[in-house]
Amino acid sequence: MLLHTIDDVRRARKEWKGLTVGLVPTMGALHAGHLSLIKKAKETCDKVIVSVFVNPIQFGPSEDFDKYPRTIEKDYELCKDAGVDIVFAPSPKEMYGEGQRLSNDTLTYVCPPFFYVNKLCGKTRTGHFDGVCTVVLKLFNIAQPDYAFFGQKDAQQAVIIRKMVKDLNIPVEIIQCPIVREESGLALSSRNKYLSEDGKKDALVLSRILNNIKACYSKGITDISALKETAYSYLTDRHDLEYLEILDKNTLEEQEKANNDSIALIACRVENVRLIDNIYLGE
Ligand code: PAF
């Protein structure tokens, strides 16, 4: 069922008394990564809702909101084939009302703590995680899921959403699913669509750097600067590295030495497309 209004979702949701409901929040342009979340949701829950909403308030003014791929017909077909019960695809007007400026002057926002936001992607994407938490909480309130499914690819997002759920006592269990990669190692992302064939090859550097860090850690190197330094031989003038960090995977805290709770995270621009990836060192 493809639904566009909050009322319709609420009405359908009410019929599911006593059943467990899973929500997979997405911005559409669904790929195998999203399908793995949907599969997990189907295994875990009686009913599954997928939201498809390119959320304007999580994009900065110079980001790709306008050109972000919108493929709702294809997304709906994929969801139907995967056995999704409801695809919720609201308009910005349905989510945020009409005629009001989308800012925290006029709208109630959820602002995750500075400690979690002032690093990694949050450093350059000011306000991004406020926009993410705000829309995710709205989607939770609309769909009232028991479980919600997020990918490890957006590791900082997943940590911040867990923190929001804990701090605000939201009765939703967050399930995180592993990154899905192309055979080449490239982490799947809707933004890979912006890359040329050459760009896709250059983008392999992200996973190569992360795999190499993990290999070095497995050999016993725990010094974080030494691990990070192994990256530089991979980078060329076609790579614009934004960050490479090794942090605690649960808290995003800095560590004295890498350990089995460490995560290595990278953001790098290739052909001016901002790509992110990460790897757990301990698994
Ligand atoms: O990860 C995403 O696709 C988005 O940030 C999310 C969680 C759907 C919120 O818009």
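Counting convention: from 1, in listed order, for ligands and their atoms alike. Values in this document were obtained by computation on a predicted structure and should not be read as measured data. Excluded from the calculations below are hydrogen atoms, water molecules and symmetry mates; all remaining heavy atoms, backbone and side chain alike, are included. If you read the sequence from its start, that first residue is 1, and numbering goes on from there.
Taking a cut-off of under 4.0 Å to the non-hydrogen atoms of Val135, the atoms of ligand 1 that pass are 9 (C), 10 (O). Near Gln58, with a cut-off below 4.0 Å to any heavy atom, the atoms of ligand 1 are 4 (C), 5 (O), 9 (C), 10 (O). Near Pro25, with a cut-off below 4.0 Å to any heavy atom, the atoms of ligand 1 are 8 (C). Close approach of ligand 1 to Asp154 is summarised as follows: ligand atoms under 4.0 Å from at least one heavy atom of the residue are 1 (O).
There is no side-chain donor-acceptor pair under 3.5 Å between Thr20 and Asp146. Side chain to side chain, Asp81 and Tyr76 fail the donor-acceptor criterion of an N or O pair below 3.5 Å. Side-chain polar atoms of Ser207 and Asn211 form no donor-acceptor pair below 3.5 angstrom.
Residue pairs meeting the ring pair (Phe, Tyr, Trp, His ring centres under 6.0 Å) criterion with at least one partner in residues 189-239, sequence neighbours excluded, do not occur; the list is empty.
Only backbone heavy atoms of Thr26 (N, CA, C or O) come within less than 4.0 Å of ligand 1; its side chain stays farther off.
Closest protein heavy atom to atom 7 (C) of ligand 1: Gln157 NE2, 3.5 Å. For atom 3 (O) of ligand 1, the nearest protein heavy atom (residue, atom name, distance) is Met27 CG, 3.6 Å.
Remark: Arg70 qualifies as a cation-pi partner of Phe65 under the 6.0 Å distance and 45° angle criteria applied to the six-membered ring.
When each of Arg181, Lys153, Gln152 is checked for a side-chain hydrogen bond (donor to acceptor under 3.5 Å, both in side chains) with Asp277, only Arg181 meets the rule.
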